[in-house]
Amino acid sequence: MRQTERLIDTTPTPARSGGSVITIDTATPAGAARGRRFLTMAVVLLVIWAALTDFRPDALVFGLPAVLAGAGLVFLMPTSPRWRLSLRGAPGFVLWFVAQSVRGAVDVAWRAFAPQMPLRPGFRRYPMALPAGAPRVLFLNTVTLLPGTLSAELAGDSVVVHMLDTRADLAADLNALEARVAALFALT
Amino acid sequence: MMFGTMPQLTPDLIYGVAGIAVFAIGLVGALCTQDRLRRVLALKLCSVGAGFLLVVAAWRGPPAAPDPVPHALVITGIVVMVSATAVALALIRRLQTLETEDDT
Amino acid sequence: MLDILGAALIGLGTVFFVAGTVGLLRFPDIFCRLHALTKADGLGLALIALGVALMADGAGDVVRITLIWFFVAVAGATCGHLIARYARRAMPEGRHD
Amino acid sequence: MTDPVIIFDLLLAAAVVALAVASLSVRDLFVAIVLFITFGLLSALSWVRLAAPDVALAEAAIGTGVTGALLLKTLRHLRYVSGTLDRAEALSVTPAAPVPAPVIWANAAFCGLVTLGLAVAFLGAPRSGPGFDALVAEAMPASGVDHPVTAVLLNFRAYDTLMEVVVLLAAVIAVWQIERGLSDAPAPVLGAVWEGFARLTLPAIVVVGTYLLWKGAEAPGGAFQGGAVLAAVGLLLLLSRLYVPQPSHRGVARWAFVLGTGAFAGVALLVAGGGRVAFEYPPEHAKTLILLIEGLVTISIAVTLAALFHGREPVALRSDRGRA
Amino acid sequence: MTLDPMILALFAPLFGAVAAFVLPRAAGAVGLVAVLLTCGAVLALARQVLAAGAVTLELGGWAPPMGIALRADGLGVAMLAMTAAVGLLVSVGALDALREARQRQYFWPLWLLLLTGMNGVYLGTDIFNLYVMIEVIALAAVGLTVLSGTREAVRAGLEYMYASILGALLFLMGVGFVYLQLGRLDFAGLIAAEPSAALSAALALMIVGLLLKTALFPLHFWLPAAHANATAPASALLSGLVVKAALYIFLRLTTHVPLPDEILVTLIGALGAGAVLWGGVQALRAERLKLLVAWSTVVQIGLIFIAFARAGQVGLAESWKAAALLILAHGVAKAAMFLAAGRIRDEVGHDIIRDLDRAPIRPTLAQFTFALAAISLIGLPPSLGFIGKWSLMEGAMAAGYWHWVAVTMIGTLLSVAYFSRVLAGFLRFDRVRAPLGEHQGWALADIAPLTLAISAISLGLLAAPILSFIELGYPFGAKP
Amino acid sequence: MTVFLGTILVFLLASIIAGLFRVLRGPEPAERMLAAQLFGTAAVAILLILSRLMDTPALLDVAMVFALLAAVTLVAFVVLASRRAG
């Protein structure tokens, strides 16, 4: 399991599929990567705990062990490539995501209520340019909330997408999404 | 209904009767089903039925708070039941393994 | 005022829930039904959560509602993917286009 | 009568009863289990309507969550062992001859009779009748906690609760004894999306479980609910093979199983003295002691429930993957 | 820190179980120490009861009905003492009788948990607490049933599990109805209660549940296989002690809340009669020794219920004494008999009754033990079983209930018949005992059942003090 | 407001009951799981509304546990119902 981590430097994903991912193998051992992730997770969990308990300090008697145990779970998880979020990309992504998911829900609700049910379902394969790890997971989950698409399976570097209407322009939608995700993770 | 006067339809009445029915269904299932796994389901239904009865008995018309003791009893009952279920299921798994080994 | 807005959001959310259920019953195959559930129900719950949050008493409640929504959203997308993946593998061969 | 909430109650009660019937009468065992899980979910909702959120939490987490996973695991094991895992016709594990109609009617009649008899007794009994309300309310200030159900569980009737933890211990010992070192059916790989989900949510579930435990001192929640939610993390780890129990972990597991029982019983004994009897916590330390017991019991419950799900004692007889 | 003997009787086996589980290598020693401590606690408790009548302890300082109280009176302590004494001797026997490391490792924690549960039942005064206790007993008992790990044992254990859970759940539903009606769950509340529909339903549910757990005909279906397929020490505990816990609760309940109708008392007696006859016939037909002994348990349970019903509703105030004597007698004798049967099986290599006297080896001591235990179970003087049966028939005759006398006589004849199937073979002294070297660890495993069997006979001489002891503290008096 | 929220509850419960038909009809195990997911989400929604209606903020905690457990159950379904390994 002593696997060196792949650090993503820059990825040429200018809204075009098939672009290869440049990875730089650094000498960061898995242990250090996990330690860093442990700290990040501990901070996040501490915030959640504090918010749940109305910032009461006496709750930390239980909170600290819980946070440590929860963050300690990273040592059971397989290592994954490192990533960082871009603060500049985040608001844009969130707004776009909200709009898209509303569109997606309205779209499917309309199809469900429509008497003749305008469906032409089918599968399409789409090659991803995003690097493995968090960006790809976010991409796959977001595809599911986009109008008319559902990520059904991951096959190597491409994703099998189920579409409610195969006439829609899948590549255009997903390219846009990839660009957004890349911006969020500061990959561009 | 049974006593001539229509009782006021309150949650405790509704769920109480439902709980008793669930208990009876579980009882019949526990006595009559052949399938081992399904008998465990039936017993579990019985326990939920008994839980219903206790929770209903604890209910006081709002805004009064319910009696906490039966709630504690039902929680105990739920934990006891999951223990019993786990043992029964372990027995079922073991028995199936033994029976299959003997058949082959 | 906030209560009225909250109630409106809750009502709207319920409409999406009903849409999801109609889709679940009407759509022809499992993948289409998955679309209905993940998208419509997800948005429906988000709207209901927002509506309830508008009526909530304190900041603590809002935090918990947000956490619930976030969890349901993430779990919904993940579970949708997992079910689709499962269904594709259980499917007889030959429909992979 | 036109109150929609009462309609909701009626609908919910009817659904609960219908699900109970359906889960026993469908042919496919998998469907039976799905229906049963739904049944548990809806009964938990009913208990919420009856103002028993603690019970609803316990039922959802333990009665439905852990039990459902246990049932599914058992079904899979049975199908795997009997070699019908890949076959669609493996509806029932021990197939029986179709039940003749008279038997069904006799059953239904018996069921109706029991319901009727018990319902008459139920309707004749006082409702919102006598109870412990006043006694508990009077004793609450001395209990050390602010939530009545927790006070009952951990103080007024702590003896019951200790024995309940003992039942869990007995169950895990029995299960370790019953199941021998045989391997399980192989688990499928869940993929990258699942991994991302696990990374994000498993730690959060740990925090939420502990939060329930902490919350128990003043609001619905407590050791059993919190322990069950923590056990859910264990279940997920076991299901996805992120954690595979090793024979060398047995010692730790044993200590974790007995931790709750030992701590609970130990505290109950140690407080006795100076005119106090067992389980009588000194009022000034009651809260600390109760929290201590709850914390340790939660760990025990979480580990025990996860071990009950895993089943056999981890022994190094054969490889853990696949049947040799 | 003051240690009340009641607390010690509960916590010694509990901590013993915990220690035996985490220290599997030292399980035997830990277990024995825990059982000895329990015996000491019971002795101390007996002295308290002799001095003061009933003793009560309010746990946590919370008075019933909200809190839970422990109460020891004559009957309860007699049951505790029987359990502890039989348990101690079975434990001593188990040190030798269990061969596999795995069995040894799991026997001790399960048995000590079982002991905790039983002591809890005999000290309990709260019906919900009794429910939790019978679940502790049920899980530990099922674990012991399947200790041998054979397919038959697992199958029997599963049936036992179903019966046990169902019985406990019926009891729990009854608890629900009691709470619904009375709003309290302690015995004092039950005694003070006015009759009502909900209480009748509760009593019906609880009695059916207990009868299922105590295996009264026709609810006995799970017992023979479960008791016959367990390993010998486990069978001894299951048959001698475990079924008594539910019986004890039944006795308490039915005397606290009298059955509303004479017909019900007669019905329970009739079920007992059914058990005596059906069990007797099955024991006559049994092919294996342990199965025969297990069926004899069904018979004896039936007998205890006849003793309960011997004089109808009016005689209930006295009937429980006959029942209690039979319970004690059966506990001691049946444990001895199962251990002896286990020894015979160990030495001969099988327990097919027909082939037993053809075996080259004669386990003389075990056979002698078996015969002594049979004397008590048949009810020959001067055994405790005889006193119990005599007290049963005396009461029935005094009340003019001759049918119970007749059933008891028929049952006695049947038991003579089925035990003589075994004993006849033993009495042929034409075969030599095998050399000592071929016997495995006979010392403890033989001496323990022999002691039990001798006690079963000689306790009959102490019947009068036992009778006056179980009346201490008015077990079924006006106020517990 | 009570009437309105009560009506919403009835709708949500009705959608659960409608989902039951999908469980019964199947035919694939995946379809049944799908309905189970619907139940989880709808139950969370019901609890959120009930917490307002019954004025019990504690129900939010119950909803949180339901949300967590729905996901656990689903993963258990996917892992334990799959016919083939890997």
Side-chain angles (χ1 to χ4, degrees), chain B residues 2-3 7 9 11-12 14-18 20-29 32-38 41-42 44-45 48 51-52 55-56 58-62 66-69 71-72 74-76 78-87 89-94 96-97 100, chain D residues 6 9-10 13 16-17 20-21 23-24 29 32 36 43 46-47 49-52 54-55 58-59 62-63 66-67 70 74 77-78 81-82 92-94 96 107 110-111 114-115 118-119 122-123 127-128 131-133 136 148-149 152-153 160 164 167-168 171 174-175 178-179 182 224 308 311:
Chain B
M2 235 156 274
F3 306 112
L9 213 49
D12 60 337
I14 297 170
Y15 292 116
V17 173
I20 288 172
V22 167
F23 179 84
I25 293 162
L27 190 62
V28 169
C32 303
T33 44
Q34 309 277 310
D35 191 285
R36 289 175 191 147
L37 211 53
R38 226 177 282 252
L41 284 184
K44 181 69 198 157
L45 291 185
V48 174
F52 261 101
V55 172
V56 163
W59 191 78
R60 308 282 183 263
D67 185 352
V69 173
H71 291 184
V74 180
I75 292 173
T76 305
I78 289 171
V79 176
V80 166
M81 195 58 203
V82 79
S83 317
T85 310
V87 174
L89 292 178
L91 282 169
I92 291 175
R93 293 196 293 263
R94 178 77 186 142
Q96 188 90 1
T97 310
T100 321
Chain D
I6 286 294
D9 285 337
L10 282 172
V16 164
V17 176
V21 174
S23 70
L24 288 185
L29 259 180
F36 173 76
S43 8
S46 323
W47 291 345
R49 280 291 300 143
L50 290 167
D54 300 84
V55 185
E59 168 67 21
I62 306 174
V66 179
T67 308
L70 261 169
T74 304
H77 180 92
L78 298 186
V81 164
S82 58
S92 184
V93 185
T94 38
N107 286 351
F110 179 65
C111 172
V114 173
T115 312
L118 294 184
F122 169 72
L123 294 175
R127 265 176 295 122
S128 296
F132 297 96
D133 316 49
V136 172
V149 176
V152 172
L153 275 174
D160 269 353
E164 163 189 3
V167 170
L168 264 179
V175 167
I178 289 162
E179 276 200 276
L182 268 173
F224 295 99
L308 286 179

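Remember, predicted model here, so these are calculated numbers, not experimental data. Chain identifiers are assigned alphabetically (A, B, ...) following the order of the sequence lines, protein sequences preceding nucleic acid strands; residue numbering begins at 1 within each chain.
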field: Check against side-chain contact (heavy atoms from CB on, under 4.5 Å), Glu59(D) and Val48(B)
entry: CA-CA 9 Å; Glu59(D) 168 67 21; Val48(B) 174; 4.1 Å; yes
Of all of [options], which one pairs up most often with chain D through heavy atoms under 4.5 Å apart?
| options | answer |
| --- | --- |
| Met81(B), His71(B), Arg93(B) | Arg93(B) |
| Thr85(B), Val74(B), Ile92(B), Val55(B) | Val55(B) |
| Val80(B), Val69(B), Leu91(B) | Val69(B) |
| Pro66(B), Gly29(B), Ala84(B) | Pro66(B) |
| Val28(B), Leu27(B), Val17(B) | Val28(B) |
| Leu89(B), Val82(B), Val87(B) | Leu89(B) |

Nearest-0.5 Å distance that lies between atom [atom1] in [X] and atom [atom2] in [Y]:
| X | Y | atom1 | atom2 | answer |
| --- | --- | --- | --- | --- |
| Leu29(D) | Asp35(B) | CG | CG | 4.5 Å |
| Ile20(B) | Tyr15(B) | CD1 | OH | 15.0 Å |
| Leu45(B) | Phe36(D) | CG | CZ | 6.0 Å |
| Leu10(D) | Leu9(B) | CG | CG | 5.5 Å |

query: What pairs with Asp54(D) under salt bridge (charged side-chain N to carboxylate O under 4.0 Å, His left out), at least two apart in sequence or on another chain?
result: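 Once residues adjacent in sequence are excluded, Asp54(D) has no partner under the salt bridge (charged side-chain N to carboxylate O under 4.0 Å, His left out) criterion.
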message: Does any backbone or side-chain atom of Ala174(D) lie under 4.5 Å from a heavy atom of chain B? Answer side chain, backbone, both or neither.
response: side chain
query: Given a strict heavy-atom distance threshold of 4.5 Å, which part of Phe224(D) is in contact with chain B: side chain, backbone, both, or neither?
result: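 Just its side chain gets close to chain B.
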query: Tell me, side chain or backbone of Phe23(B) under 4.5 Å from chain D's heavy atoms, or both, or neither?
result: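 For Phe23(B), side-chain heavy atoms alone lie under 4.5 Å from chain D.
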field: Contacting moiety of Ile14(B), where chain D heavy atoms sit under 4.5 Å
entry: both
Heavy-atom pairs under 4.5 Å with chain B, option from [options] with the top count:
| options | value |
| --- | --- |
| Leu308(D), Val167(D), Val114(D) | Val167(D) |
| Ser23(D), Gly311(D), Ala32(D), Ala51(D) | Ala51(D) |
| Val66(D), Val152(D), Val17(D), Leu50(D) | Leu50(D) |
| Leu153(D), Asp160(D), Asp133(D), Val16(D) | Asp133(D) |

message: Checking the side chain of Thr67(D) only, and the main-chain atoms of Ile62(D) only, is there a donor and an acceptor separated by less than 3.5 Å?
response: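 Yes: the side chain of Thr67(D) pairs with the backbone of Ile62(D).
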Partner set under side chain to side chain contact (heavy atoms under 4.5 Å, CB included) for Ala58(D), not counting sequence neighbours: Ile75(B), Ile78(B), Gln225(D)
Heavy-atom closest pair, residues Arg94(B) and Glu179(D):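 Of all heavy-atom pairs spanning Arg94(B) and Glu179(D), the closest is CD-CA, 4.2 Å.
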